[in-house]
Amino acid sequence: AAPHEPPQRPRGAIGRGPRAVETPDDAIGFDGVQNTGWTPPDPSLAVGPEHVVQVTNGALAFFEKDGTFLEQRPLEGEAGVWGDLGTLDFVFDPEALYDPHSGRFFVMASEGLTPDSKARLLLAVSDDENPVGAWFTFRIDVSDVGASLFDSPNMAVDESALYVTGDPANGTWTVQIWAKAGLVDGSSATRVNAIAVPTTTQSAGPPTIVGGTGAMYWVEHEEGFGDAVRLIAVRDPLETPQVDTFVLPVEPYTFPEDPPQQGTFSRPDTFDARLWSVDFAGDSLWATHHVNSTSVRARWYEIALGGWPSSGAEPTIAQWGEVLPGSGIRTYFPAIGADADGNAMITFSRSSSSEFISMATAMRAATDPPGTFRPMVIERINSGPYTLFGRWGDYASVR
């Protein structure tokens, strides 16, 4: 499968109006970036001790945890986050994370459609745990692994390294490994290793942060009809990286249907069954994707690693499930997060031929029956059909 289409800029400016902080009894959260000026918006979220960082195509915004808006910056152009480095007007597919090891926020994006046909990786690192203030910024030519375009990048960190993957225009899925020390003090962006990983898919999902197993993990799907997911582990990232893989059988799945929505024949493009979101908690990977060619639905897994690959044990499926709200209702573009105690949350889009697209969440406690989430809560419902370019999402975050 080829990399999916980059976003487009259909109309409108980035929203900078007042934000309402709304927390009704049966819902959560507050308004973030209101209008990105792009389709799709590609939202990503990072949460630190006191702050929330949201990045979308078009904007980077900072909030206090109670929803108080602090600041918003554009991503692209001379006034953007990387503007003083010469970044132009096509900055897309951003991602954010908070690194508890260094106490810093990381933001990443791709830059494409440049006059010199170079693929560039954009990195920004806050100078402390408060995102309001100075950031160290880097604009890096990655054409050696991305050719002219580096699409759908993913980012993860551990104690010593930053890991970046993506869908390169040259078709070779590569794990780029950067020394974190120079990034967090602003002195340098040093790529130590770039490992080409044999794969027939794209955008294997990484967790945001890895724990005490001594490896960084990715999870990828199979093309077409699948009955397994493939785990990838990288150890010793800054010296002599060792790559281990494991094929883990799962309930068979097919590529996802493009879901219907009320009031239009237009259907959002779901692309493929890539693992859209992966989190690491305890000794488990929590992963989610959307599957099923006849009625798309969000599927999730808890993968018990058992210390793999260092322990010699084989990973297993501890539990799994699918989000099935009712007949004819589709769920798609999911994201998942968990904690070390085994509590988890999932967010996703839902629609049907008689429903506009909505955003929903569901939670589970570690003590709940295996393979189940509690009843969903619909957080926001569209007021009409959505038809721009057949795009929706493409991403979401749970932190």
Side-chain angles (χ1 to χ4, degrees), residues 20-34 36 39-45 47 52 54 56 67 205 253 256-264 266-271 273-279 286-292 294-302 319-339 343-365 368-369 371-387 391-399:
V21 178
E22 299 176 352
T23 313
D25 292 341
D26 61 347
I28 60 174
F30 53 86
D31 286 347
V33 175
Q34 293 182 312
T36 71
T39 296
D42 292 343
S44 180
L45 185 74
V47 180
V52 175
Q54 183 194 13
T56 68
Y253 58 89
E257 168 208 35
D258 293 339
Q261 54 173 317
Q262 181 181 345
T264 180
S266 176
R267 294 183 175 221
D269 190 346
T270 55
F271 297 109
R274 72 185 65 188
L275 277 294
W276 290 90
S277 170
V278 179
D279 197 14
W286 295 76
T288 184
H289 58 165
H290 50 217
V291 299
N292 194 18
T294 58
S295 181
V296 62
R297 62 251 192 159
R299 178 189 285 195
W300 60 275
Y301 311 95
E302 182 190 1
Q319 57 176 327
W320 72 281
E322 294 180 344
V323 182
L324 302 170
S327 177
I329 299 174
R330 275 68 162 184
T331 57
Y332 46 97
F333 287 122
I336 197 166
D339 63 22
N343 307 302
M345 180 176 176
I346 190 168
T347 184
F348 49 90
S349 300
R350 66 172 270 173
S351 67
S352 74
S353 59
S354 59
E355 285 187 12
F356 298 132
I357 301 176
S358 62
M359 294 297 300
T361 57
M363 303 179 73
R364 64 165 280 112
D368 290 342
T372 64
F373 271 78
R374 296 178 182 182
M376 72 174 63
V377 175
I378 296 178
E379 307 290 351
R380 187 68 59 90
I381 304 174
N382 256 11
S383 59
Y386 187 84
T387 60
R391 302 295 297 274
W392 176 264
D394 292 328
Y395 312 121
S397 302
V398 175
R399 299 286 181 261

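The closest side-chain heavy-atom distance from P259 to P268 is below 4.5 Å. The shortest side-chain heavy-atom distance between L275 and T288 does not fall under the 4.5 Å cut-off. V323 has its side chain out of reach of F373: every pair of non-hydrogen atoms, C-beta onward, lies at least 4.5 Å apart. A 4.5 Å side-chain heavy-atom check between I346 and T361 finds every atom pair outside the cut-off. Between P325 and M376 the shortest side-chain heavy-atom distance falls below 4.5 Å. Considering only heavy atoms from C-beta on, P260 comes within 4.5 Å of R330 through its side chain. By the 4.5 Å heavy-atom criterion applied to side chains, Q54 and V47 are not counted as neighbours.
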Worked verdict on M359 versus V377 for side-chain contact (heavy atoms from CB on, under 4.5 Å)
CA-CA 9 Å; M359 294 297 300; V377 175; over 6 Å; no
Take Y301 and Q319, measure what side-chain contact (heavy atoms from CB on, under 4.5 Å) needs, and give me the verdict at the end.
CA-CA 6 Å; Y301 311 95; Q319 57 176 327; over 6 Å; no
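Residues forming a side chain to side chain donor-acceptor pair (under 3.5 Å) with D258 (at least two apart in sequence, or on another chain): T270. A search for salt bridge (Lys or Arg N to Asp or Glu O under 4.0 Å) contacts involving R267 returns E257, not counting sequence neighbours. Every residue two or more places apart in sequence or in another chain that forms a side chain to side chain donor-acceptor pair (under 3.5 Å) with S351 is listed here: Y332. Applying the side chain to side chain contact (heavy atoms under 4.5 Å, CB included) criterion to E355, with sequence neighbours excluded, gives I329, R350, S352. Not a single ring-ring contact (aromatic ring centres under 6.0 Å, His included) links F356 to another residue, sequence neighbours left out. Scanning for side chain to side chain contact (heavy atoms under 4.5 Å, CB included) contacts around V398 gives A335, M345, T347, with sequence neighbours left out. Contacts of T294 classified as side chain to side chain contact (heavy atoms under 4.5 Å, CB included), with partners at least two apart in sequence or in another chain: N292. For the side chain to side chain contact (heavy atoms under 4.5 Å, CB included) test, residues two or more places apart in sequence or in another chain that qualify with D339 are D341, N343. Scored by the side chain to side chain donor-acceptor pair (under 3.5 Å) test, E322 finds R297, R299 as partners (sequence neighbours excluded). For the ring-ring contact (aromatic ring centres under 6.0 Å, His included) test, residues two or more places apart in sequence or in another chain that qualify with W392 are Y386. With sequence neighbours excluded, no residue forms a side chain to side chain donor-acceptor pair (under 3.5 Å) with Q261. Residues forming a ring-ring contact (aromatic ring centres under 6.0 Å, His included) with F333 (at least two apart in sequence, or on another chain): W276, H290.
In this structure, the separation between OG on S277 and CZ on R274 is 13.5 Å, given to the nearest 0.5 Å. Here the OG atom belonging to S349 is positioned 6.5 Å from the CD1 atom belonging to I357, to the nearest 0.5 angstrom.
Shortest non-hydrogen contact noted between T331 and A298 is OG1-N, 2.8 Å. Of all non-hydrogen atoms in I336 and D279, the two that sit nearest each other are O-CB, 4.0 Å. The shortest heavy-atom contact between W300 and T372 is CZ2-N, 3.9 Å. Residues P43 and S397 come closest through the heavy atom pair O-OG, 4.0 Å.
Judged purely by distance below 3.5 Å, without hydrogens or angles, the side chains of Y253 and H289 never pair a donor atom with an acceptor atom.
Between D269 and R391 no salt bridge is recorded (no basic side-chain N to carboxylate O distance below 4.0 Å).
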